[in-house]
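Since the structure comes first, as structure tokens, the remarks are kept for the end.
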Amino acid sequence: MAVDTGTAPEVARVELVIGGMTCAACAARVQARLNKVSGVTAAVNLSTERAYITAPPQVSVPDLVGVVQAAGYTAELARPPVPDAGAEADDAAVRRLRRRLVLALVFFVPLTDVSIVLSVLPWTRFPGWQWFLVALAAPVATWAAWPFHAAALRQARHLSSSMDTLVSLGILAACGWSVYAMFVLDRGRGGLSGLANLLHGSGGGIYLEVAASVTTFLLAGRLYEARARRTAGQAMRELAAAGAKDVCVLEDDGTERRIPAGALRAGQRFVVRPGERIAADGEVESGQSAVDRSMMTGESVPADAAAGDAVTGGTIALTGRMVVRADKVGKDTQLAHLIAMVEQAQAGKAAIQRLADRICAVFVPAVLACAALTLAGWLLAGSAAGHAVSAALAVLIIACPCALGLATPAALVVASGRGAQLGIFIKGYQALESSRAIDTVVLDKTGTVTTGQMTVTGVQVLPGTSRASLLRYAGSVEQASEHAVAAAITAVAAAEPVTLAVADGFTALPGLGARGTVDGREVVLGRSRLFADRGVEVPAELAAWCRAREEAGCTTVLVAWDEVARGAVAVTDTVKPSAARAVARLRGLGLRPVLLTGDNAATARAVAAVAGIEEVLSEALPAAKARVIEDLQAPGRAVAMVGDGVNDGPALAAARLGLALGSGTDVAICAADMILLRDDLDVVPDAITLARATFRTIRANLAWAFCYNVLAIPLAALGFLNPLVAAATMTLSSVFVVWNSLRLRRLSVPGQRAAR
């Protein structure tokens, strides 16, 4: 059920599915209407098409649905997700846009060529040329452009407007004027050339290619958005499906039976075997296992869990069998709460409108008013009705948002291509707008600044013991374990010129280490506590070496056989080679780097020192990471967050700009504004450089397009601007916007050169 009264009976939390939203202005309009209802607090997320509402009990769900419908959109109560239903809807939307775009491209190319030739060179016209152009333009201006017309009609019924209104009016005005020019004005030209038409001011320019170009390029932009939205939705669906599909419930009589994970109830006991995901948050009743918690906490070292320890749903048991009592299931688990936090944080960012939408919010009514005043003014001045109508139509034609409509999608399409070359995927306009204000970059540690894999960084042997012997005995025992530390020791031992043996009687000692028999000798590996419990003395020089390594952020493993300490191995999650260079580049961009991690302070400081980061925030739980971001932004700072884990999801969504590594988890990818596909950390400053350059390009495009309209509309209204000149100017305006956007293909970034 999507209505949750929670712990506070005086309010209800409602989630609505909103239909018909096409842009950020739509989301802002719905949110504003809902927030006008007394006692209601709403946040609308355009990407997920959801409205998250807190309402008093006297406001019912039908009341809220009615408010949304009164704004011109559809709404219904969100239902429990049906598997693959969301994917099918997203795929269908992408397919519909793709079909419209393909049709527009098929007709747009020949229409442009033929229309220009026939308009400028009248002697090339053949019998029925007008109908030929109409046949080429009609499918584009009607069926392909229908999403814009439908949105404009819906908004007009509710006395509102947006970019869709301007696009629809521009397409219709350009087509209407062109038909009038071809079938009415052209009859009186007497075969004048295009140049003579221009000199005599007879007008009658043909603008069908303008209508087709606006439709084609804007459909390309809409398709790009729809594909990005589908990716985000798929990531969230995959995350929800990443938990255990079924669970082995342990009955009171000791029998086991498999049930769907969704049927598990709090208080039931279930069995977790090595390699299985833990189905719910709970407490271990018996057994032990190393648990991979990296998805939830970001810690690269698995944690040992035994009787009495708490475990989290979604994490993976690596070694032994455990019996767990479920405490929290379904939407009450920590994973479900993290997903909810991501969605709420994303909804909070949806209120930021795009630049083009903000311009059109003023520009559309102004153009309509100017056209109406032009018509009325010429009629009151005693001009013929035909001349008055022509002047009013000229205003609408000149205001046709060709360059204005191309300004953002053209730059975004070019930037996406350049981003693909750099290993950067821009999910939408929000990333571009956010990049300009960023002053702080918060970097997750594990998997972002570090490799996320344990590596042996040091081996210390005592006199009388060789390195080869130490690694042979240690590797022979550890190769029987699935622990990340054991895997690192086994890997370095296998790389040495030694032969590993099969350890007899291998035993994992949860939280302490392991032991086994190699060549008839009992070998023990583990922490100093294990050695103290067994009465094995650790020489002072070896203990000092271990302390120094641990202060540097390493995990140390002591090795002994025949009850005598022989040496130790230091293991750590190594810093990426590109980290220091990337941090220096971030500072060069005027940004302040901060390291944020759920790991301990000593390890965090050691990693920060290698990467060149001065500010460190450690031991932060997933929810705390989001609060840290909010606290950093509270004084007015703009924060970019870089992460890869589920635990980073809320922080990525809460940040002004979220950047997720492509190798990260689905929730991180879903929460972020940009996805970074390269493995080296140089991709972070590259992404910010690309986003800033793209945003500057869009602003330049919008400034040009807007200034063109501001200057041209008054001239058209006063009758000074010949439509043929307007057509040429409009074409040049669009060419400038496309050329300016194409310059992004040549954007050079230092990180690309360093990565080669």
Side-chain angles (χ1 to χ4, degrees), residues 271-276 284 286-292 301-307 309 316-323 453-539 542-543 545-546 554-572:
V271 178
V272 184
R273 292 181 172 82
E276 292 184 342
V284 179
S286 63
Q288 63 83 27
S289 176
V291 179
D292 180 0
V301 181
D304 294 308
D309 292 335
I316 303 173
L318 299 177
T319 53
R321 174 184 183 273
M322 297 185 297
V323 176
Q453 297 178 346
M454 302 302 292
T455 305
V456 173
T457 56
V459 178
Q460 180 74 3
V461 295
L462 293 176
T465 303
S466 67
R467 173 187 171 94
S469 298
L470 185 80
L471 290 177
R472 180 175 184 275
Y473 282 112
S476 297
V477 174
E478 293 287 40
Q479 68 178 340
S481 173
E482 297 179 2
H483 199 284
V485 172
I489 294 175
T490 302
V492 73
E496 295 283 328
V498 299
T499 302
L500 299 181
V502 177
D504 297 325
F506 171 80
T507 304
L509 305 172
L512 296 173
R515 63 181 177 84
T517 302
V518 180
D519 298 337
R521 293 178 169 178
E522 184 182 36
V523 181
V524 179
L525 304 91
R527 300 181 179 181
S528 57
R529 175 184 165 188
L530 174 63
F531 277 47
D533 292 344
R534 297 179 63 91
V536 178
E537 182 181 356
V538 179
L542 185 60
W545 184 87
C546 290
C554 298
T555 297
T556 58
V557 179
L558 293 165
V559 184
W561 58 83
D562 296 334
E563 299 297 324
V564 177
R566 308 290 180 168
V569 179
V571 181
T572 189

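All residue numbers refer to positions in the sequence shown, counting from 1.
In plain terms, the two heavy atoms of V284 and A306 that are nearest each other are CB-O, 3.3 Å. Nearest heavy-atom pair across C546 and T556 is O-CG2, 3.7 Å. Nearest heavy-atom pair, G526 versus F531, reported as atom, atom and distance to 0.1 Å: N-CE1, 4.1 Å. Between R566 and T465, the shortest heavy-atom contact is CD-OG1, 3.7 Å. In plain terms, the two heavy atoms of A501 and S476 that are nearest each other are N-OG, 2.9 Å. V559 and A474 get closest at one heavy-atom pair: CG2-CB, 4.2 Å.
Residues meeting the side chain to side chain donor-acceptor pair (under 3.5 Å) test with R521, sequence neighbours left out: Y473, D562. Every side chain to side chain contact (heavy atoms under 4.5 Å, CB included) that S286 has, sequence neighbours left out, goes to V323. Under the salt bridge (charged side-chain N to carboxylate O under 4.0 Å, His left out) criterion, R534 pairs with E522, E563, not counting sequence neighbours. A search for salt bridge (charged side-chain N to carboxylate O under 4.0 Å, His left out) contacts involving E537 returns nothing, not counting sequence neighbours. Residues satisfying the salt bridge (charged side-chain N to carboxylate O under 4.0 Å, His left out) test with D504, not counting sequence neighbours, are none. With sequence neighbours excluded, no residue forms a side chain to side chain donor-acceptor pair (under 3.5 Å) with T572. A search for side chain to side chain donor-acceptor pair (under 3.5 Å) contacts involving T507 returns nothing, not counting sequence neighbours. For R472, the side chain to side chain donor-acceptor pair (under 3.5 Å) partners are D519, not counting sequence neighbours.
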Output side-chain donor-acceptor pairs under 3.5 Å for residues 492-500, partner residues at least two apart or in another chain, one line each.
from, atom 1, to, atom 2, distance (Å)
E496, OE2, R467, NE, 3.4
E496, OE2, R467, NH2, 3.1

N/O donor to acceptor pairs below 3.5 angstrom from side-chain atoms of residues 455-464, sequence neighbours left out:
none

Exercise. Begin from the C-alpha positions of V536 and V524 and carry the test side-chain contact (heavy atoms from CB on, under 4.5 Å) through to its verdict.
Key: CA-CA 10 Å; V536 178; V524 179; over 6 Å; no
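Taking CG of L525 as the start and CH2 of W561 as the end, the distance is 9.5 Å to the nearest 0.5 Å.
With hydrogens and angles disregarded, no donor-acceptor distance shorter than 3.5 Å links the side chain of D533 to the backbone of L530. Checking side-chain atoms of T490 against main-chain N and O of A486 turns up a donor-acceptor pair under 3.5 Å.
Residue pairs meeting the salt bridge (charged side-chain N to carboxylate O under 4.0 Å, His left out) criterion with at least one member in residues 455-464, sequence neighbours excluded, do not occur. Applying the salt bridge (charged side-chain N to carboxylate O under 4.0 Å, His left out) rule to pairs touching residues 453-464 yields nothing, sequence neighbours excluded.
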